[in-house]
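Only one structure is covered here, and it is reproduced in the block below.
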Amino acid sequence: MTVLKTSMRNFVAHKGRMALSAVAVLLSVAFVCGTLVFTDTMNATFDKLFANTASDVSVSPKKDDDAQQTGKPQALPAALRAKLAKVDGVAKVEPHVTSMQLTVVKGKNKSLSPASGAPTVGTNWDDSQRKSVEITSGHAPHGAAEAVLDADTAAKHGVKTGDELRVLAVPGDFTVRVVGIATFKTTNPGAALLYFDTATAQAKLLGSADAFSSYGLTAASGVSNEQLKERVTAVLGSSADGSDEYTVRTAAESKEENKKDVGSFLDVMKYALLGFAGIAVLVGIFLIVNTFSMLVAQRTREIGLMRAIGSSRRQILRSVLVEAVLLGLVGSVLGIGGGIALAVGLMELMGSMGMKLDMGELTIKAATPVVGLAIGVLVTLLAALLPAVKATRISPMSALRDAGTPADGKAGKVRATIGVLLTALGGLALVAAAKADDAKAGSGMLGLGVFLSLVGFIVVGPLLAGFVVRVISAVVLRAFGPVGRLAERNALRNPRRTGATASALMIGLALVAALSVVGSSMVASATDQLDKSVGADFIIQNENGQPLSPAQSKAVRSAGDVAHFTRITTVNAKLTLPDGKTVKQGLNASESTYGEDLITETVQGKFADVWGKDAMSVPEGFAKDHGIKLGDELTVAMADGRTAGLRVKAITSDDTSINKGGMFLALDTARQYLPADKMPLDMLVLAKASDGRTKEAAAALKASVEQYPQIKVRDQSDYKKLIQDQVGQLLNMIYGLLALAIIVAVLGVVNTLALSVVERTREIGLLRAIGLSRRQMRRMIRLESVVIALFGALLGLGLGMAWGTTSQKLLALQGLGVLDIPWPTITAVFLGSAVVGLLAALVPAFRAGRMNVLNAIATD
């Protein structure tokens, strides 16, 4: 009990010194708990949505991943409706029509499709829709000219009843008038929804009055969903068509299937966020270790007195660990509350992107606070263990010494040896990864190298501090005269403390530097490949990734001032290879001008021969793996078509990032073996301007697709900018998540300086007494902080560039062969670290400057 009381008194007495460590625990726990609450809420919301929309039993076409991309959804015959209605136990059959291959346009070609990438869905209005939405304005659609729009999309784009919309679908474009607004009863998953009457949906979305997308069956009273499924399966299985053509699911199975699709995305989000939370936790450990190390050092005399009056080593250990538990508990409890607030903020953010999450659905599982408390307390205990063990080694004789510990001028030889060894092993692993010929093996060596080099730098940090801090000081601090030299000596006074503080900052900046190198190299490599390979002047494609409809492709190819167009699509097929293996493969089918528009190197044969009758190409890696030689004939079974014997006329080089691993054949060859209605739609169109008519061709192409806002015409510079923007957006998102770890690291610098000021109270008083002004004192603290921050930045940026360079060497195996170090970013981060150091020192420097000289000198 005495130990507990002592620990409580110490914790309360030093609560100010513990505050920043508690904030580090708070932030780490908040990130973890916020992620769990947010993803649990998303899962609960979608569960409710899927439960509300699922029929007792549903019948849909069996999913065919190999089907050609014709743009038309898979469908069931309308005649099946009568057959299902006769199944014993079926009370009601509701036919559904659903398509996501459409774009809705308002006014002057303004697309209503969500900017978040969620789909635009067209469906038929029937009784089942009332489970999830209700018409809050207007009425249900009747006839081919009427439609109902979801309320979220209507509000976002200012659509009202009576407004006219144009629907761009694969079977053809048509116009409707909005006669109703439907509001979701649960959550709008971010999609734009347009409802038609059933006949219109069949004709305009499926292109057939004799087809439906699926059927929803309502079970009669006393018939369970499982029983009804068995009966439906039996009836369909006895048909001439065979049951393999259908997928029959109960409501529970439909819900689980839908959860898989959403759950995979949510899981990726969840584990990515938890990964960044883990980085923040790791950085927080350094802060807590430093805090307890300095507190133990400052209480050396006190602990010595406790040992002198009879406290055992175990009691001292327990005393420090109890303080750690109290710190962990306080930080964790606050962190759990902060996590809930973070989850609410994320929900608001999703709402601004179009996904309205109901706060009433906020889900806090019992496991979430338990996980938060466990992480906060265990991490704090783990971080405090080493300082606690050091505290037990303080002898009773320490009660006779001055408080504090002597400067630790040299790191232990054992520590230094281990650090150098780990760093060397990490460097060797990175070199091995850079020289690897296989991406999988190289990735394993890269991971090992990153881990070993990171741990090595952390361990060897104190050894590096002596040299690096002196170099930085020579460049940065010497201009400040004696104050600069004092700041340098303060930074060097305790290399272990300086190394640990800098290491926390190093981790976040190393990741920033590595990702910057990788991102910049990816953009530079893609740009280089475009410059070398793309001969076309324009690339025309659907921004949402969908293929071009026949009408859209025709409109593109109607533009003037164009020398030629190259249509490109993907044909799904099954290949039988010389080694007897059978593989499913997507073949790139295009016109013969492809070779002019996208220059493709070959290692054997001529690429121009690929566009001949019954010819194709294969990539060199594929050919090597399967023993394919130039002139071999491959059996190619086209999905939904006939089987062809295609001769290999060219083997293409793998030394590229554009269409790496692609197989090519002529469009005419594909048409020869595929029915017209199974021919896949154009995925993109390349265009070459007539000589001297580039500007005119650009204007003509943009005018030709003006009525299709989802189709973008880009020249090479536009396409390069698109790649740069996409990589930049991804990096900015990652940087934002890494910012938490950097914030925790900055708190570590603040805490180290604050505790250092307390530790040096008497020294500060003596310096003031011999003439150091308040301004000079504050400057000394700020310069010390800048040195520590720059030390961490140098280590982090150097380590990160090594990781990034190695990663680029592995990416070179995938054709991304240009290494580009983003020096402006690296320089900005380095200079930004100095600013961070200045800001981190503001409060400690202010406190040091305000100390009463006599009281400071009298401090024991």
Side-chain angles (χ1 to χ4, degrees), residues 17 20-21 24 283-291 293-294 297 407-409 411 457-480 483-510 512-513 741-760 763-764 777-800 829-848:
R17 305 182 197 180
L20 291 177
S21 293
V283 173
I285 288 175
F286 286 94
L287 194 161
I288 298 166
V289 168
N290 258 4
T291 299
S293 294
M294 297 179 76
D408 183 12
F457 263 54
I458 291 171
V459 175
V460 84
L463 186 65
L464 294 173
F467 171 72
V468 177
V469 168
R470 285 187 175 88
V471 173
I472 296 173
S473 299
V475 176
V476 178
L477 301 185
R478 294 301 162 85
F480 295 95
V483 172
R485 287 194 292 275
L486 282 172
E488 176 187 352
R489 288 171 184 172
N490 284 333
L492 290 170
R493 173 180 299 189
N494 194 324
R496 287 188 180 180
R497 182 189 304 166
T498 299
T501 305
S503 293
L505 191 59
M506 175 190 75
I507 295 171
L509 295 185
V512 168
I742 294 174
I743 289 171
V744 174
V746 172
L747 292 177
V749 177
V750 176
N751 210 29
T752 298
L753 290 172
L755 292 173
S756 179
V757 166
V758 173
E759 185 180 275
R760 287 157 27 202
E763 173 189 324
I764 290 170
M777 177 61 65
R778 289 194 292 266
R779 181 178 296 168
M780 182 188 74
I781 301 295
R782 289 197 297 268
L783 290 175
E784 180 184 351
S785 179
V786 168
V787 166
I788 293 173
L790 290 179
F791 174 46
L794 273 178
L795 294 185
L797 295 176
L799 196 57
V829 170
F830 182 71
L831 295 177
S833 299
V835 175
V836 164
L838 283 173
L839 295 175
L842 288 179
V843 174
F846 179 75
R847 183 177 178 183

Exercise. Can you tell me how far the CZ atom of Arg489 sits from the CZ atom of Arg470, to the nearest 0.5 Å?
Worked result: 10.0 Å
Exercise. Which pair of heavy atoms, one from Ala24 and one from Val744, lies closest together, and at what distance?
Worked result: CB-CG1, 3.9 Å
Problem set entry | Set of salt bridge (charged side-chain N to carboxylate O under 4.0 Å, His left out) partners for Arg478, sequence neighbours left out | Glu488
For this session: Check the pair Asn290, Asn751 against side-chain contact (heavy atoms from CB on, under 4.5 Å), reporting the backbone distance first and the verdict last.
Result: CA-CA 8 Å; Asn290 258 4; Asn751 210 29; over 6 Å; no
For this session: Would you please name every residue forming a side-chain contact (heavy atoms from CB on, under 4.5 Å) with Val476, sequence neighbours left out?
Result: Ile472, Leu790
Seminar exercise, completed: In Val829, Val512, Val836, Leu747, the residue satisfying side-chain contact (heavy atoms from CB on, under 4.5 Å) with Ile742 is Val512
For this session: For side-chain contact (heavy atoms from CB on, under 4.5 Å), just list the numbers for Leu838 and Ser785, CA-CA rounded to whole Å, side-chain angles, deciding distance to a tenth of an Å, and then say yes or no.
Result: CA-CA 6 Å; Leu838 283 173; Ser785 179; over 6 Å; no
For this session: Mind checking the OG-CG spacing from Ser833 to Leu794? Nearest 0.5 Å is all I need.
Result: 8.5 Å
For this session: Could you check if a side-chain atom of Leu477 sits within less than 4.5 angstrom of a side-chain atom of Arg485, using non-hydrogen atoms only?
Result: no
For this session: First locate atom CD1 of Ile507, then atom CG of Leu799, and finally report the distance between them rounded to the nearest 0.5 Å.
Result: 10.0 Å
Problem set entry | Student check: side-chain heavy atoms of Ser473 and Val787 closer than 4.5 Å | yes
Exercise. For Asn490 and Glu763, what are the C-alpha separation, side-chain angles and deciding distance, and is it a side-chain contact (heavy atoms from CB on, under 4.5 Å)?
Worked result: CA-CA 11 Å; Asn490 284 333; Glu763 173 189 324; 3.8 Å; yes
For this session: Measure the CG-CD1 distance between Leu505 and Ile788 for me, rounded to the nearest 0.5 Å.
Result: 10.5 Å
For this session: Compare every heavy atom of Ala513 with every heavy atom of Leu797, then report the nearest pair and how far apart it is.
Result: CD2-CB, 3.8 Å
Problem set entry | side-chain contact (heavy atoms from CB on, under 4.5 Å) between Ile458 and Phe286, worked out | CA-CA 10 Å; Ile458 291 171; Phe286 286 94; 3.5 Å; yes
Seminar exercise, completed: To the nearest 0.5 Å, atom CG of Leu486 lies from atom CZ of Arg779 at 12.5 Å
For this session: Please determine which of Val469, Val471, Leu463, Leu464 meets the side-chain contact (heavy atoms from CB on, under 4.5 Å) test together with Phe467.
Result: Val471
Exercise. Taking all non-hydrogen atoms of both residues, which atom of Gly748 and which atom of Leu287 are closest, and how far apart?
Worked result: N-CD1, 3.3 Å
For this session: Determine yes or no for a side-chain-to-main-chain donor-acceptor pair under 3.5 angstrom, with Arg847 supplying the side chain and Val843 the backbone.
Result: no
Exercise. Which atom names give the shortest non-hydrogen contact between Ala789 and Gly837, and what distance separates them?
Worked result: CB-CA, 3.9 Å
Exercise. Say you draw a straight line from CG of Leu783 to CZ of Arg778; how long is it, rounded to the nearest 0.5 Å?
Worked result: 13.0 Å
Exercise. Closest heavy-atom contact between Val749 and Ala840?
Worked result: CG1-CB, 3.8 Å
